[in-house]
Amino acid sequence: MIKFQYVSKIYSHKTAALDNVSFEVKEKEFVSIVGKSGSGKTTLFKLILAEERPSNGRIFFDSQEVQKIKTKELPFLRRKIGAVFQDYKLIHSKTAYENIAYAMEVIGASDKEVKKDVAEVLEIVGLTGKANNFPIELSGGEKQRVAIARALIHRPEVILADEPTGNLDPYNALEIIRLLLKINKSGTTVFLATHNKTIINSLEKRVITLQDGKLIRDEEKGRFIL
Ligand code: ADP
Ligand code: MG
């Protein structure tokens, strides 16, 4: 479903943020990507979202070559991808419900559809009771749940989670990973960038390791080794 073929990314004549990286993620996989800060994890996600272009190599999403997608078609690619970030990226002036509904309203969904779908994703993340809370009234773990609910709203094929537990305590971090595992079990591919060694080692799932932009390890039931 996601394929990198000899992909490099060089920002403004500096050393490569990604250096000749090749891998493939299949449908319904749960893949973690680890590597020190600056090793290229976020760049890799930005390339999948077509927010950045590769300097070399080719990237495929569902057999479509990402760089060849026309600008006006990009929203369709991005709707197949749910993105989750370390800092949640919620709108502070909107409630949990409104933060999620907004993503549907901008594509012109009817009120009835919005109500039904938002209720459904809030239920998945276990936040039905907090629908009317503003971000400031939510804990870090709850804010990340809202962000995950928002990422699920277009029923994406894949969730790209970029250090989603980076601002959370170990308990809430584990809860977020459990939620990602549940989402994966229901059929959504999950691609998780993380620093969390304990979590990676307990998952026993595939781990890709980046070092200075190079893919140095790609193992089923991988361990966190840097
Ligand atoms: P990670 O997410 O693993 O911390 P990044 O993908 O953010 O790594 O960064 C990889 C490398 O690319 C770093 O050296 C970083 O400084 C550089 N980099 C990232 N984004 C930009 C940018 N927009 N312009 C120039 N250099 C960048
Ligand atoms: Mg990053």
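Starting from 1, each residue takes its place in the sequence as its number. Ligands are counted one by one from 1 in listed order, and the atoms in each one are counted from 1 as well. Below, each value reflects all heavy atoms present in this structure, side chains not excepted, and no hydrogens, waters or symmetry copies.
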Worksheet, complete the sentence: Shell check on the Mg ion (ligand 2): protein N, O or S atoms less than 2.8 Å away are Thr42 OG1
Worksheet, complete the sentence: Sorted by chain and residue number, the side-chain hydrogen bond (donor to acceptor under 3.5 Å, both in side chains) partners of Glu123 (sequence neighbours excluded) come out as none
Does a sphere of radius 6.0 Å around [atom1] in [X] hold more than 12 heavy atoms from other residues, nucleotides or ligands, not counting ones at 6.0 Å or beyond?
{"X": "Lys80", "atom1": "NZ", "result": "yes"}
{"X": "Tyr11", "atom1": "OH", "result": "yes"}
{"X": "Tyr102", "atom1": "OH", "result": "no"}

Worksheet item: Would you say Asn56's side chain and Ser8's backbone share a donor-acceptor pair under 3.5 angstrom?
Response: no
Fill in: Backbone of Leu122 reached by a side-chain donor or acceptor of Lys130 within 3.5 Å
no
Worksheet entry | Path from Leu18 to Phe23 over hydrophobic side-chain contacts below 4.5 Å | yes
Fill in: Listed partners of Arg206 passing salt bridge (Lys or Arg N to Asp or Glu O under 4.0 Å), at least two apart
Glu29, Asp218
Discussion item. Contact between Leu203 and Ile177 at the side-chain level, heavy atoms closer than 4.5 Å - yes or no?
Written reply: yes
Item to complete: Below 4.0 Å from any atom of ligand 1, which residues have a heavy atom? Give them in chain and number order, please.
Response: Tyr11, Ala17, Lys36, Ser37, Gly38, Ser39, Gly40, Lys41, Thr42, Thr43
